[in-house]
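Structure, as structure tokens:
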Amino acid sequence: MTFTVQPHRESLGLKTGQLYIGGQWGPAADGATWTHRHPGTGEEIGEFASGGAADVDAAVAAARAAFDEGRWATERAGVRVALLHRYAQLLRDHADELRALQALDNSVPISFGAIYATSVGAAADVFDHHAGWVDKIGGQTLPPYQGGDHLAMTFREPIGVVSAILPWNAPFLLFAQKVAPALAAGCTIVLKPSEYCTFSVLRMVELLVEAGLPEGVLNVVTGQGDPVGEAMITHPGVDKVSFTGSRAVGKHIVEASAATLKRVSLELGGKSPALVFGDAGNVGLAAATVVGAVTMGLSGQACVANTRALVHRDVYDEFIGAAQGMAAAVTYGDPFDAGVISAPLINEKQLDRVLGYIEKGKEEGRLVTGGERLGGDLAAGNFVAPTIFADVDNSATIAQEEIFGPVLAVVPFSDEDEAIALANDTEYGLGAGVFTSDVQRAFRVSRKLRAGTVGVNGFQIEPHLPFGGFKQSGLGREGGRSAIEAYTEEKSVFLPLTDEMM
Ligand code: NAD
């Protein structure tokens with residue numbers, strides 16, 4: 001029998017989603033709403049306000065006032081540090097509730113909470129980490145370059161009003177990666193969650209209000225990419241756009257924001273390679289790691305998932321066998337069932353897209369396992385079987401394009417130089433994995449890969465480690481000092497100490 005998530009919806013007492021502008025919760029100016037349907041069952045989960053340009057105007061005005069009148073930007077460091085730590089603790093206290101809300105939003109299973117990077121705990125750590133920056137955002141005093149008695153110094157100042165636009169797939173981490181450094185730097189924010197993952201983000205906002213955030217500092221406009229996101233990237237009152245999502249929308253943001261020359265940070269997609277060498281200590285573990293990332297939890301709907309496995313011919317058959325075994329172990333269904341470890345695709349559009357790539361893959365490679373939509377008890381949801389294609393040429397569509405589903409393309413290679421060349425032969429450059437027991441090879445290869453993050457025999461995202469993409473995977477970095485720099489402008493001040501210099 002098809003499962004239902006309705007009892008969880010009832011017990012969580014989901015409220016109607018509203019916009020949060022200038023410290024007030026309320027409906028969209030024109031009263032429009034959007035009904036969210038669960039991707040695993042098709043059930044109606046709830047309605048939330050579907051904003052428009054007028055709502056973005058109001059949100060930007062509130063953020064502008066909070067910034068320009070200094071309610072947050074000039075608040076003393078101690079107050080900001082305490083608030084961010086307080087919020088981190090509130091997140092930890094509400095981790096179970098947030099995980100359950102996420103399961104209603106995007107059907108990512110509650111068992112996935114054990115994976116650090118996308119957990120509520122990781123989001124809390126990101127806030128704690130950035131709280132540590134607040135009282136360390138400083139500039140330099142430099143020695144005089146010319147003659148004469150003067151001071152030359154720099155300051156780092158908050159960039160202003162930030163439009164923060166989120167995708168649907170990892171709400172906790174991605175909310176934190178934008179909001180924590182922006183608040184730490186003294187910026188104010190207009191935030192848009194994805195229309196496919198709104199309720200868990202609204203709860204995160206409620207908790208931020210509970211932590212004591214002053215009104216106007218963070219404003220939320222829920223709704224569609226167009227008109228809400230569109231207004232957020234073109235509004236003259238916005239100083240910076242921070243976006244995580246697809247490459248297509250990322251490119252559009254660069255064009256649309258050019259008219260007012262906004263600062264732009266982009267975290268986009270990838271086609272990340274895993275390089276499995278003949279000396280990989282444990283080929284079975286390497287296969288389980290790669291296939292796990294492409295099938296478990298988000299069902300391959302993860303930007304850094306290693307969706308291209310480049311495997312040395314010496315261990316090729318062993319890898320394929322182990323990968324097949326791992327794929328067979330992935331379980332689907334009710335996200336509240338602790339035994340379920342993967343998710344459906346987020347919507348029907350994405351389901352059709354992934355099935356289209358799978359048909360293409362049947363022409364471009366050898367189907368090892370999967371290759372179909374799951375039926376039976378799961379027929380009401382957007383479930384696709386873990387799919388592995390072997391003997392794929394690196395130039396094939398399924399080895400080059402981001403599929404954003406549980407589809408792995410396996411490409412054989414013969415030596416290290418070939419592996420590096422294949423790995424870098426992509427328009428993307430987000431992540432990469434190197435599986436080897438030779439530490440020199442690990443460093444040698446890692447240095448040559450054109451990717452923002454390289455994992456050696458494993459992969460992790462951490463709050464203090466910059467994360468972002470080379471090439472068409474993005475612009476800029478989130479995490480650590482890089483994030484603080486991304487939300488501040490540098491100012492130079494020159495001050496003669498005598499009248500002679502004037
Ligand atoms: P998407 O680009 O469809 O949507 C992302 C957000 O942009 C949503 O809030 C959407 O409403 C909004 N949007 C859509 N059109 C817009 C417009 N014209 N102007 C402004 N905003 C607009 O992406 P998605 O399907 O939500 O997420 C999947 C994509 O995100 C994948 O490509 C994935 O690789 C990428 N991603 C990247 C990272 C990273 O850190 N690099 C992390 C997660 C996801």
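Both counts, for ligands and for their atoms, begin at 1 and track the order of listing. A quick note: this is a predicted structure, and the numbers were derived from the prediction, not measured. Hydrogens, waters and symmetry mates are skipped; everything else that's a heavy atom, side chains included, is used.
Taking a cutoff of 4.0 Å between a charged side-chain nitrogen and a carboxylate oxygen, R9 and E43 do not qualify as a salt bridge.
If you check the side chains of H252 and E230, you find a donor sitting under 3.5 Å from an acceptor.
Just one of S107, P344, P386 meets the side-chain contact (heavy atoms from CB on, under 4.5 Å) condition when paired with Y332; it is P386. When K471, R247, K271 are each tested for a side-chain hydrogen bond (donor to acceptor under 3.5 Å, both in side chains) with E427, only one passes: R247.
Between F127 and F175, the ring planes are tilted. Angles from 30° to 60° get that label. Taking the six-membered ring where tryptophan is involved, the planes of F404 and W168 are perpendicular, since the angle between them exceeds 60° and thus also 30°.
In this structure, ligand 1 sits under 4.0 Å from heavy atoms belonging to I165, L166, P167, W168, N169, L174, K192, P193, S194, E195, G225, G229, E230, I233, F243, T244, G245, S246, V249, H252, E267, L268, G269, C303, E402, F404, L430, F467.
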